[in-house]
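To start, the structure itself, in structure tokens.
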Amino acid sequence: MGRAVKRIVFTEAQIAERVRELGAEITAAYPEGELLVLGLLKGSFIFLSDLVRHIRRSLQVDFLVAASYGDGTVSSGTVRLLYDPETKLEGKHILLVEDIVDTGRTLGRLMDLLGQRGPKSLEICALLHKHIAEELRHPTRFIGFDAPNEFLVGYGLDHAENFRHIPYIASLQ
Ligand code: PRP
């Protein structure tokens with residue numbers, strides 16, 4: 001049997017409101033230049049698709065695939081790059097979109113890698129941030145919500161690939 005949802009942490013309405021605000025913040029932060037919104041799969045797929053529809057300026061979208069967790073609820077400590085974006089990063093504002101910053105291991109490694117490709121700027125937008133990321137030197141410029149240090153699912157976040165589709169964010173039993 002799979003695990004069950006314990007408590008709703010962020011409702012659909014709270015998420016929708018905050019994503020709208022983040023879209024406005026991002027629009028204001030990039031008055032000029034080319035903007036590439038880079039979604040880190042799979043967890044960011046719902047957040048990214050909602051977010052880009054609230055960014056009122058031209059932009060491009062591409063994805064990165066990295067994996068740091070197995071089927072358990074504790075980070076394994078390894079990050080694997082399974083898909084590298086085909087879009088050119090050089091000279092563009094890169095906004096890396098992540099569902100959650102937990103240990104920061106995934107992002108820390110990716111930021112180092114992407115920074116070597118000559119972007120005009122490189123920033124992180126995370127829907128959720130646990131503020132326990134000791135392995136991330138780069139500050140997270142755009143944060144949706146401060147998250148409790150629990151295992152969270154929904155709105156793209158999974159447990160063993162389940163729960164990604166639920167429209168709110170919840171903690172697990
Ligand atoms: C999860 C989550 C973040 C990352 C956060 O991804 O979506 O990308 O871990 O953890 P960290 O801050 O400790 O690195 P996962 O590797 O489970 O892949 P997924 O996005 O496909 O769910």
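Order of appearance sets the numbers: ligands from 1, and atoms from 1 within every ligand.
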Q) Which heavy atom of Gly154 sits nearest a heavy atom of Ile169, and at what distance? A) O-CG1, 4.0 Å

Numbering as shown, the atoms of ligand 1 that approach [X] to under 4.0 Å (heavy-atom distance):
X      : answer
Gly104 : 11 (P), 12 (O), 13 (O)
Asp158 : 22 (O)
Gly43  : 19 (P), 20 (O), 21 (O)
Thr103 : 11 (P), 12 (O), 13 (O), 14 (O)
Glu98  : 3 (C), 4 (C), 8 (O)

Q) Hey, mind stepping through Arg137 and Met111 against side-chain contact (heavy atoms from CB on, under 4.5 Å) and telling me if it holds? A) CA-CA 9 Å; Arg137 294 183 304 277; Met111 292 298 280; over 6 Å; no

**Q.** Location of contacts on Asp102 toward ligand 1, heavy atoms closer than 4.0 Å
**A.** both

**Q.** ligand 1 contact by Lys130, heavy-atom criterion under 4.0 angstrom
**A.** no

Q: Kindly compute the distance separating CG (Leu89) from CG (Asp84), expressed to the nearest 0.5 Å.
A: 8.0 Å

Q: Output the distance between atom CG (Asn149) and atom CG (Asp102), rounded to the nearest 0.5 Å.
A: 6.5 Å

Q. Is there a side-chain contact (heavy atoms from CB on, under 4.5 Å) between Thr87 and Gln60 once you walk through the steps?
A. CA-CA 9 Å; Thr87 319; Gln60 296 177 333; 3.5 Å; yes

Q) Are His129 and Phe145 close enough that their ring centers fall under 6.0 Å? A) no

(Q) Any non-hydrogen side-chain atom of His93 less than 4.5 Å from a side-chain atom of Lys120? (A) yes

Q: Give yes if a backbone or side-chain nitrogen or oxygen of Ile100 is under 3.5 Å from a nitrogen or oxygen of ligand 1, and no if not.
A: no

Q | Within-cut-off N or O pair, Glu161 and ligand 1, under 3.5 Å | A | no

